[in-house]
Amino acid sequence: MAKTIQNQLVDKDLLVREGERFLYTEAEILDAGDYQKWLTLLTDDIAYQIPIRTTRERNAHSSFSSQAFHMNENKASLEMRVARVYTDYNFVEDPPSRSRHFLTNFRLVSVDKPNSKCEMVMKCNMLIYRSKFDFVSHDVLSGEREDTLRKEDGRWKLAKRTVYLDHTTMGMSNLAIFL
Amino acid sequence: MNRNKLANRYPRATEILEEMKDSIKDGIIPIGIFNDEEIYQMEIEQIFGRKWIFLGHESEIPEQGDYVLRYIGEDPFIVARDESGEINVMLDACCHRGVRICKAEQGNTSHFRCPYHGWIYKNNGKLIGMPAQRQAYNDLNKEDWGLIHIRLEIYHGFIFGCLSQDTPPLETYLADQKYYLDMLFGLHKGGVEVLAEPQRWVVNANWKLAAENFSGDDYHLIFLHHSASDIGATPYSMFENMKGYHIHAGNGHCVSIALERDQDGSKTEFPYWNFPKDIYKTFDLDSLDEKQKEIVRDSKEMLGNIYPNSSFLVMSVTSDQQSEPVPFFSIRQWRPLGPDKIEIWNWMFMYKDTPEQFKQDSYRAGMTNFSMSGIFEMDDTLTWETATWTAGNHFSKKNLKLNYQMGMYRMGTAEVDDKWPGPGKAYYPRYGEGNQRYLYTSYLRDMLGEEKDQEGAEIKQDGKDYSKSISR
Ligand code: FES
Ligand SMILES: [Fe+2]
């Protein structure tokens, strides 16, 4: 009995490490602007959402909207956005802005292993630095991410991402990058 | 407004604008007006202090006690529905020391309580009490010390606020723009409703660049938004789309409609802005006159600016390459935050009595293309930012005169179309910058305080009064 619990703990620890590693690699690909490759890390039923946040009183149910989204994407819409990046008319991101993901405070929220399909939900804190052109100014986006990872054919993929931003009015002139 | 006094207070701005008054007749605008502290201060007084400014929609505050916080320029206003169901627009400032009393962007409350000394105001602005009232303020006439209300008027559920008592009523102010707003928003018995909370983001650009873009800069779609047509985000050909009208709709308001002249309506490719048939069948066409009916049926896309800084847009777009394009309504406020900064407010609307799924599809498609992550709009804000930056620089300010001449001197194919069935002065096709020149001519008149002629009489409003024909 004790041994099983021990094994489960080791299992969980390994899973978290695998999840972290996946998310670090994914962030590296995003920061490098290799969006074609990024698409291969997403499951076909990916849901990518950034709900709009408003300032509410403390007793309000939530400060995140259930209807308003900065982005509310599926695989097809993400593919269209990526297609746009590679047209000759990507004025806003050509030359690309320089962005850097900083991911910390990883937490395993849940693990689900129905049959061989393994899914886990991880939370992390996210800080993204972004600058462009020869300006000394820069933008910073802060938030919490909740990511669902799923193992498909032995590879981890991103099945769902919700970004809970620490911003109501956004201080960036566009959201032409992925968070 | 005493013009001398104005010129004394804003001498440099007045000089620039007086010069522009001449140059705009030639289609020339000095770039300096897009980034200048003195001009901005003058705008806050002459434009934002005197015009009807869009604040929100009734459907954002459906219940008694619902409120949202909105702005006119820098001043914050609480837009609240009180216990009797009436809407109030009140300065968010306590009458005791000016402390802000509204804590959130939106919510529901019966009272607003000031955190400093605890004065309590009802959601209609009435001061009803304070701590230790008998010892501290026993003889105060509370009637005199409620929150400051400003003028508000509502049209198709859209709430406008005005800081001046001298400005004509909203419907007079809207002039010919009413005719076009009726076509869009009066088309469904249940009216329109907001689909979600507005998206807000800050862009380092001058507010006029956004206003002029929505007033009739269709020309930029051909190039700046080439990516959108390349990937199929919109079914329109941007060149074909130039077939259409630019309309001066009175008092600085502008409309731009993609509508092919002399076409047979039955062959329209995207009738009724590409609304699905089972929805456009429910359109309340009886409320429209014959001309409006035709325009509604045959126009592919329609946008405009409600002078000074609110815009609207209806067109058809898709959120991915597999879905059919759907129409959306986006309403904007280009809130000025300085000579080189705006906060964009972006609301999506739809007819209230349409299927929930359609509303969601419309919201998603609209936001995919027109928002801070919009396939179209990401590139717009980039250009407004660099133009604003240029406008603030020493050499450019002095030397850069901008060309707004399309449609003048036989440049641009746009010509006045006397046969345009609607009100306002119309031009066809959309290869012209007449709307922008019209916007800035109105702007100059307001900035220099020339609404009144020499004898002090109100200059005739150029729009007709349609208020009697409106069924609402
Ligand atoms: S400042 Fe509001 S109660 Fe004193
Ligand atoms: Fe645009």
Side-chain angles (χ1 to χ4, degrees), chain A residues 48-95 97 132-133 135 137 139 141 163 165 167-179, chain B residues 68-69 102-109 194-205 223-233 318-323 335 342-348 359-360 363-365 367-368 371-375 377-386 389:
Chain A
Y48 174 103
Q49 298 184 323
I50 312 173
I52 285 176
R53 188 174 196 171
T54 51
T55 315
R56 306 263 184 155
E57 291 182 47
R58 189 171 286 277
N59 63 10
H61 168 62
S62 163
S63 57
F64 292 98
S65 173
S66 52
Q67 318 124 56
F69 295 92
H70 293 295
M71 290 176 78
N72 182 9
E73 310 293 312
N74 57 23
K75 187 75 173 269
S77 67
L78 289 171
E79 282 169 351
M80 183 169 83
R81 289 178 177 282
V82 170
R84 183 194 162 280
V85 171
Y86 297 100
T87 66
D88 292 335
Y89 304 94
N90 179 17
F91 300 106
V92 65
E93 278 290 296
D94 188 6
S97 55
K132 63 183 176 186
F133 209 57
F135 303 148
S137 59
D139 295 325
L141 273 183
V163 185
L165 290 172
H167 309 257
T168 53
T169 304
M170 299 284 279
M172 264 186 195
S173 58
N174 65 70
L175 205 50
I177 56 169
F178 299 105
L179 309 184
Chain B
V68 289
L69 188 67
C102 185
K103 292 188 277 189
E105 280 175 76
Q106 60 187 115
N108 183 287
T109 190
V194 69
L195 293 181
E197 295 88 340
Q199 180 186 46
R200 303 170 58 180
W201 78 104
V202 172
V203 173
N204 296 314
F223 191 70
L224 182 66
H225 298 313
H226 209 303
S227 69
S229 21
D230 270 10
I231 59 173
T318 173
S319 50
D320 61 65
Q321 290 155 317
Q322 275 117 64
S323 310
R335 177 190 167 204
I342 49 172
E343 181 186 329
I344 303 182
W345 291 64
N346 180 23
W347 291 260
M348 291 288 166
K359 289 181 193 169
Q360 282 176 28
Y363 180 82
R364 228 187 117 220
M367 290 294 281
T368 301
S371 71
M372 75 174 292
S373 66
I375 301 280
E377 193 149 15
M378 288 189 286
D379 292 316
D380 285 310
T381 50
L382 169 86
T383 63
W384 303 343
E385 286 199 331
T386 60
W389 187 72

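Numbers restart at 1 for each chain; the letters A, B, ... are given by sequence-line order, proteins then strands.
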Heavy atoms only: give me the nearest B:Arg364-A:Asn72 pair and the separation to one decimal. NE-O, 2.8 Å
Run the numbers on A:Leu175 and B:Gln199 for side chain to side chain contact (heavy atoms under 4.5 Å, CB included), then give the verdict. CA-CA 12 Å; A:Leu175 205 50; B:Gln199 180 186 46; 5.9 Å; no
From the list B:Thr383, B:Asn346, B:Asp379, B:Thr381, the residue making the most non-hydrogen contacts under 4.5 Å with chain A is B:Asp379
What distance do B:Asp230 atom CG and A:Asn90 atom CG have between them, rounded to the nearest 0.5 Å? 11.5 Å
Checking heavy atoms, do the side chain of B:Gln321, its backbone, both or neither come under 4.5 Å from chain A? both
Shortest non-hydrogen pair, B:Glu105 vs A:Thr55, comes out as OE2-N, 2.6 Å
Rounded at 0.5 Å granularity, tell me how far CD1 in B:Ile375 sits from CE in A:Met80. 4.5 Å
Heavy atoms of A:Ser77 and B:Ser319 approach each other most closely as CB-O, 3.0 Å
If you tally heavy-atom pairs under 4.5 Å against chain A, which of B:Met367, B:Gln106, B:Met348, B:Lys103 wins? B:Gln106
Indicate the ring-plane relationship of A:Tyr89 and B:Phe223, choosing parallel, tilted or perpendicular according to the 30° and 60° boundaries. perpendicular
To the nearest 0.5 Å, what is the distance between CZ on A:Phe91 and OG1 on B:Thr386? 11.5 Å
Quick check for you: to the nearest 0.5 Å, what is the distance between B:Asp320 atom CG and A:Glu73 atom CD? 9.0 Å
Which of residues 59-67 of chain A have a heavy atom under 4.5 Å from any heavy atom of chain B? A:Ser65, A:Gln67
Which bit of B:Ala233 is near chain A, if near means a heavy-atom gap under 4.5 Å: side chain, backbone, both or neither? both
Could you pull out the closest heavy-atom pair between A:Ile52 and B:Tyr363, with the gap in Å? CD1-OH, 4.3 Å
Side chain, backbone, both or neither: which part of B:Glu197 has a heavy atom under 4.5 Å from chain A? both
Under 6.0 Å from the CZ atom of A:Phe135, do we count more than 12 heavy atoms belonging to anything else shown? yes
Specify which of A:Thr168, A:Ile177, A:Thr87 makes the most heavy-atom pairs with chain B at under 4.5 Å. A:Thr87
Any donor and acceptor pair, going by atom type alone, linking the side chain of B:Ser373 with main-chain N or O of A:His70 inside 3.5 Å? yes
Heavy atoms, side chains only, cut-off 4.5 Å: are B:Ser227 and A:Arg84 in contact? yes
Please look at A:Lys75 and chain B and tell me whether the side chain, the backbone, both or neither of the residue comes under 4.5 angstrom of a heavy atom of that chain. neither
With side chains defined as the heavy atoms from C-beta onward, is the minimum distance between A:Asn174 and B:Glu377 less than 4.5 Å? no
Do you know which of B:Leu382, B:Asp380, B:Val203, B:Ile344 makes side-chain contact (heavy atoms from CB on, under 4.5 Å) with A:Ser173? B:Val203
If you round to the nearest 0.5 Å, how far is CZ of B:Arg200 from CE of A:Met170? 12.5 Å
